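Following: one structure in structure tokens, then a few remarks.
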Amino acid sequence: MIPHDDIRDVLNESGIGSDVTVYGWVRTARMGKNVAFASISDGSCQENLQVVLNRKSFDDDSLKGLATGAAVRVCGTVVESPGREQPREVHAEELEIIGPAPEDYPLQKKKHTMEFLRTIPHLRLRSGIFGAVFRMRHHLSIAIHRFFDERGFFYVHPPLITASDAEGAGETFQVTSLPLDAVPKRDGEVDYEQDYFRRKAFLSVSVQLETEPLALALGKVYTFGPTFRADPSDTRWHASEFWMIEPEMAFYDLSDSMELIEQFIGFIASYMLDRCRDEIAFLDERVDADVRDRYRMLTEEPFVRASYTEAVERLTEASNRFETRPRWGGGFSSEHERYLAGEVYGGPVFVTDYPAQAKPFYMRLNDDGKTAACTDLLFPEVGEIVGGSQREERLDLLQERIESMGIDREDYRWYVETRRWGTAPHSGFGLGFERLLMYLTGIDNIRDVIPFPRTLGRMV
RNA sequence: UCCCCGAUAGCUCAGCUGGUAGAGCGGGUGGCUGUUAACCACUAGGUCGCAGGUUCGAGUCCUGCUCGGGGAGCCA
């Protein structure tokens, strides 16, 4: 085994005077006449370790190898640092250049544009900003599991390959084992009898429909997994492969669901503030967004609740400032969403009870016969973060809805059957993991919170 | 898919109304009380995205293409 001290421990736990061995990558190096300095990162924490090398003890060749990007091993003693920038440092006794980095190493000790870094996804991970993002991505994942586990939810795993296209949730990638350059045909049509599943199959765009039966058996469940969408959307909010969290709760009405969402967001924000202090401070300084203020907003004020109808009224009062006029019956455009959360309510807001005709068949029809028991949680600056609804549990109404929307009944027979026997009120919501991470990191392009992003027309 | 913007040294950018390229960082060399994106001096480094066109002359103007960025719609 390679003896190893994480820089995180060297900076926080190792006693002054103790001998340590660290492995990492050189961020910057500075040569003085008598001493050389190198900042080393091993990814274990946001901070770099300053290593001090007495030039008399090392030959010029190995010091020259101490270039930005090089992988090194340093053995030395932990001492208090006389410098202002760091409380402690390591005085090196041994230096080994494990993986040299010649001068054409693309990452330099200067600011790079995110656009440039996107061209080197395999190397940008070693930069401070991406280290922060991906450590936070980990902590956010754990926080999500913790929240649900502590509340008695079960983590469930519905299929990612499905036969239905989840009704309007997005464009699908088709899954097939048929040879695309010689597709078998029968009567001029593709003969899916010969395909792997003997029918058309897709990558799931939402596992909600399959999750509902799990909730109607286990009570409270959640999913947290990848989703694939072939949407023709080419924007900083869209990826073709991303992760979603979809909780589903039996015997929860819409208002229970909103309460849970609010607790969820509050828990996540506090957890991240606690675990990612250095990362958040780093991003707050580095990224053009008031990252810290976002956490304050998520943890301090209760979220506002407003009906769709009320929101439309507020938008209509200010309709001259929009490109598209708000009108009852239509959805909100992104400028409307940002205005509502940013200007009207000044913080996260639940907008509830959208017109039913604009919503999918599985949402529960309200008593007014016009609106659905659903909610979107809107955040300032970014718009919708969470979308949820109470599901239609009444067999007749669900069937009517499926009928009127012209959906193939056979595809959803199993779904409808969960209402035929032991139906129960239940609710759920869905949340895009990366969009939440974008908000919590201040990163404004989804491609920069995914290690190797897959988007329309791009797979670097 | 539509609408805008952009592409100049390894990176970040400057280059006015057309007169054939500059800086900072990074690299190299030398200097320098323990530095903090260290500093100082010198130095190397460019088919100005690609293809056409206008012009005596194009990094600069025009057209097409490629790639990148932002916005809209659709969505998470």
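The shown structure was predicted, so the numbers you read here are calculated from the model rather than taken from an experiment. Just so we're on the same page: letters track the sequence lines, and every chain starts at 1.
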Phosphate-side-chain proximity, Arg27(A) and A37(B), N/O vs OP1/OP2 below 4.0 Å: no

Nucleotide nearest Phe116(A) (side chain, heavy atoms from C-beta), chosen from A72(B), G10(B), C11(B): C11(B)

Side-chain donor-acceptor pair present, Gln86(A), Ser81(A), cut-off under 3.5 Å: yes

Polar contact flag, side-chain donor to acceptor under 3.5 angstrom, Thr309(A)-Trp328(A): yes

Pairing pattern in dot-bracket form [Watson-Crick, G-U; both distances under 3.5 Å; | = partner strand] for RNA chain B: (((((((..((((.....[..)))).(((((.......))))).....(((((..]....))))))))))))....

Pair Phe361(A) and Tyr412(A), ring centroids less than 6.0 Å apart: yes

side-chain N/O Ser233(A) vs C75(B) OP1/OP2, d < 4.0 Å: no

Lys NZ or Arg CZ of Arg321(A) over Tyr339(A) ring: under 6.0 Å, within 45°: no

Donor-acceptor pair between Glu212(A) and His426(A) side chains, under 3.5 angstrom: yes

Steps toward ring-ring contact (aromatic ring centres under 6.0 Å, His included) verdict (Phe202(A), Phe173(A)): CA-CA 6 Å; Phe202(A) 308 94; Phe173(A) 287 104; over 10 Å; no

Phosphate contact (G70(B) OP1 or OP2) by Arg236(A) side-chain N/O below 4.0 Å: no

Geometric class of the Tyr252(A)/Phe153(A) ring pair [parallel <30°, tilted 30-60°, perpendicular >60°]: perpendicular

G68(B) OP1/OP2 closer than 4.0 Å to side-chain N/O of Arg458(A): yes

Distance-only side-chain donor-acceptor flag, Asn366(A) / Asp353(A), under 3.5 Å: yes

Heavy-atom protein contacts under 4.0 Å, nucleotides 38-45 of chain B, coded B base, S sugar-phosphate only, - none: B-------

Base of C11(B) paired with side chain of His112(A) (donor-acceptor, under 3.5 Å): no

Parallel, tilted or perpendicular, as decided by the 30° and 60° cut-offs, for the rings of His336(A) and Phe332(A): perpendicular

Cation-pi, Tyr362(A) ring and Arg401(A) (6.0 angstrom, 45 degrees): no

Donor-acceptor pair between Thr68(A) and Gln108(A) side chains, under 3.5 angstrom: no

Sub-4.0 Å heavy-atom contacts from residues 88-103 of chain A onto RNA chain B, ordered by number: Glu89(A), His91(A), Glu103(A)

Phosphate contact (C74(B) OP1 or OP2) by Thr235(A) side-chain N/O below 4.0 Å: no

Rounded distance [0.5 Å steps], CG in Leu436(A) versus CZ in Phe433(A): 7.5 Å

Geometric class of the Tyr308(A)/Tyr354(A) ring pair [parallel <30°, tilted 30-60°, perpendicular >60°]: tilted

Enumerate donor-acceptor pairs with a distance under 3.5 Å from any side-chain N or O in residues 447-455 of chain A to protein atoms, sequence neighbours excluded.
| residue | atom | partner | partner atom | Å |
| --- | --- | --- | --- | --- |
| Asp448(A) | OD1 | Arg118(A) | NE | 2.9 |
| Asp448(A) | OD1 | Arg124(A) | NH1 | 3.0 |
| Asp448(A) | OD2 | Arg118(A) | NE | 3.4 |
| Asp448(A) | OD2 | Arg118(A) | NH2 | 2.7 |
| Thr455(A) | OG1 | Arg458(A) | NH1 | 3.4 |

Below 4.0 Å: OP1/OP2 of G34(B) and any side-chain N or O of Asn34(A): yes

Residues from residues 50-83 of chain A lying under 4.0 Å of RNA chain B - heavy atoms: Gln50(A), Lys64(A), Ser81(A), Pro82(A), Gly83(A)

Protein-to-nucleotide contact annotation, 5' to 3' order, nucleotides 2-8 of chain B [B base; S sugar-phosphate only; - none; under 4.0 Å, heavy atom]: -------

